[in-house]
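Please read the structure below before turning to the comments.
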Amino acid sequence: MKYSKVVPKYAIVTVALLAFACSLASAYDPSPLQDFCVAINNPASAVFVNGKFCKDPKLVTANDFFRSGLNIPGNTSNKVGSNVTTVTVEQLPGLNTLGISLARIDFAPYGLNPPHTHPRGTEFLVVIEGTLHVGFVTSNSADSNRLFTKVLNKGDVFVFPIGLIHFQLNVGNTKAVAFAGLSSQNPGVITIANAVFKSNPPINADVLTKAFQVDKNVVHYIQKQL
């Protein structure tokens, strides 16, 4: 009899932990409340709200879940030598509430996808062509911003945890291509250099000189370059 009284207590604790875990799991994109919720920008034509306004299911077609063009290389003729072609809920309305998105990343020889973060999504990267040097940095902690890096070849996969600064560099003298999957319909992106040196309006130069311990002329030079 004593044992039978103890079991329900453990059951209550287990249920509470599961409920807490479920609340954390749904802390980013909203959980689906129906089979699908195709995004629509016109609220007058919407019937549900879940992430974005939802198109009337009776008006949904296969094209709402379809997008072509990822076979086309992106233009890498820029200063960093890379191009990211994203497919989020903005480009593919059927992704609304599904908690996923993707991107194609093209690299010129020695091109770089600069250090950046995705504030709302974890990313996994699959190399399709070429060789990439990739890495991410942990948050401020006892690890003191620990760097994890790896050289990836065709067919290799690497994961970048949500919100952490990461990068990809083509270390070959040929073009490289990778595809990324992200755990959010709209993961967002913050390119570190742009956010710090190209904000609108600009961050006070005194803040940047003190933060980076450089001369103000260096700050102005970087701002002009971006």
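All figures in this text were calculated on a predicted structure; none of them were measured in a lab.
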* Answer with yes or no whether the side chains of T88 and N186 bring together a donor and an acceptor at under 3.5 Å. =>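 No, T88 and N186 have no side-chain donor paired with an acceptor closer than 3.5 Å.
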* If you measure only the distance, is there a donor-acceptor pair under 3.5 Å linking the side chains of N75 and S77? ->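 Note: N75 and S77 side chains meet the donor-acceptor criterion.
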* Asked: Does atom CG of N140 have more than 12 heavy-atom neighbours, drawn from other residues, nucleotides or ligands, at distances under 6.0 Å?
  ->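 Open: at most 12 neighbouring heavy atoms sit under 6.0 Å from CG of N140.
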* To do: May I ask you to say whether K55 pairs ionically with D64, meaning some side-chain N is under 4.0 Å from a carboxylate O?
  =>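 Yes, K55 and D64 are salt-bridged.
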* Answer yes or no: is there an ion pair linking D156 with K154, defined by an N-O contact shorter than 4.0 Å? =>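 Result for this pair is no, no salt bridge flagged.
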Please find the pair of heavy atoms, one from [X] and one from [Y], that lie closest to each other, and give the distance.
X	Y	answer
T191	H116	CA-CB, 3.8 Å
T209	D215	CG2-C, 4.0 Å
V89	L95	N-CD1, 4.0 Å

Closer than 3.5 angstrom, by distance alone: can the side chain of [X] be matched with the main-chain N or O of [Y] as a donor-acceptor pair?
X	Y	value
R104	T85	no
N170	T174	yes
N113	F167	no
N153	T131	no
N63	F66	no
Q185	T97	yes
N204	L208	no
T122	I162	yes

* Trace of the side-chain contact (heavy atoms from CB on, under 4.5 Å) decision for F136 with T149 -> CA-CA 7 Å; F136 69 86; T149 63; over 6 Å; no
* **Parallel, tilted or perpendicular, as decided by the 30° and 60° cut-offs, for the rings of H166 and F160** =>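 Parallel.
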* Asked: What do the steps show when you test L226 against K224 for side-chain contact (heavy atoms from CB on, under 4.5 Å), and what is the final call?
  -> CA-CA 5 Å; L226 293 174; K224 289 180 180 179; over 6 Å; no
* Do F124 and F179 have ring centroids that are under 6.0 Å from one another? ->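 No, the ring centres sit 6.0 Å or more apart.
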* Test side-chain contact (heavy atoms from CB on, under 4.5 Å) applied to L182 and H118, step by step -> CA-CA 9 Å; L182 298 112; H118 301 293; 3.6 Å; yes
* To do: Determine, stepwise, if the pair N96 / C54 fulfils side-chain contact (heavy atoms from CB on, under 4.5 Å).
  => CA-CA 8 Å; N96 196 36; C54 304; 4.0 Å; yes
